[in-house]
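The structure displayed is predicted, hence computed values, not measured ones.
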Amino acid sequence: MKVQTPRSSSPHLCTFVLHQYISLPGWIKANEFNDLRKWLTEQGFVIVQANGPDPGRTYPSIKFRGNVGKFNQAFHATVMERSAGFP
């Protein structure tokens, strides 16, 4: 079995744009929601849509976008390309 090293050092990997959506628990407070929105912006993400806490809204949510490099750095995770054979 051949194992390939992730191509995280590839200069092209950081150019892919990710669109992420976070649905938050209904008990989150407005100041916590605003802190999260501010943090995402400070990390270089663009807020596409922000539905904050509201008595009529079950789950607040934030939709944001940024590139793979920003995502990996902000969330201390590694996003890699899908390999052939994976959906």
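For the pair Val48 and Ile62, the minimum side-chain heavy-atom distance is 4.5 Å or more. When side chains are defined from C-beta on, Pro53 counts as touching Ile28, because their heavy atoms get closer than 4.5 Å.
Around the CZ atom of Phe75, the shell of radius 6.0 Å holds more than 12 heavy atoms that belong to other residues, nucleotides or ligands. Within 6.0 Å of CD in Gln73 there are 12 or fewer heavy atoms belonging to other residues, nucleotides or ligands.
The aromatic ring centres of Phe33 and Trp27 sit 6.0 Å or more apart.
Atom CZ in Phe64 sits 8.0 Å away from atom CG in Leu36 (nearest 0.5 Å).
Here the closest heavy-atom approach between residue Lys70 and residue Asn67 is recorded as N-OD1, 2.8 Å. Of all heavy-atom pairs spanning Pro60 and Pro25, the tightest one is CD-O, 3.6 Å.
For Lys29, the side-chain contact (heavy atoms from CB on, under 4.5 Å) partners are Asn31, Glu32, not counting sequence neighbours. Thr41 is linked by a side-chain contact (heavy atoms from CB on, under 4.5 Å) to Ile47, counting only residues two or more places apart in sequence or in another chain. Residues passing the side-chain hydrogen bond (donor to acceptor under 3.5 Å, both in side chains) test with Asp35: none are found, sequence neighbours excluded.
The aromatic rings of Phe71 and Phe45 sit perpendicular to each other, their planes meeting at more than 60°, with 30° as the lower class boundary.
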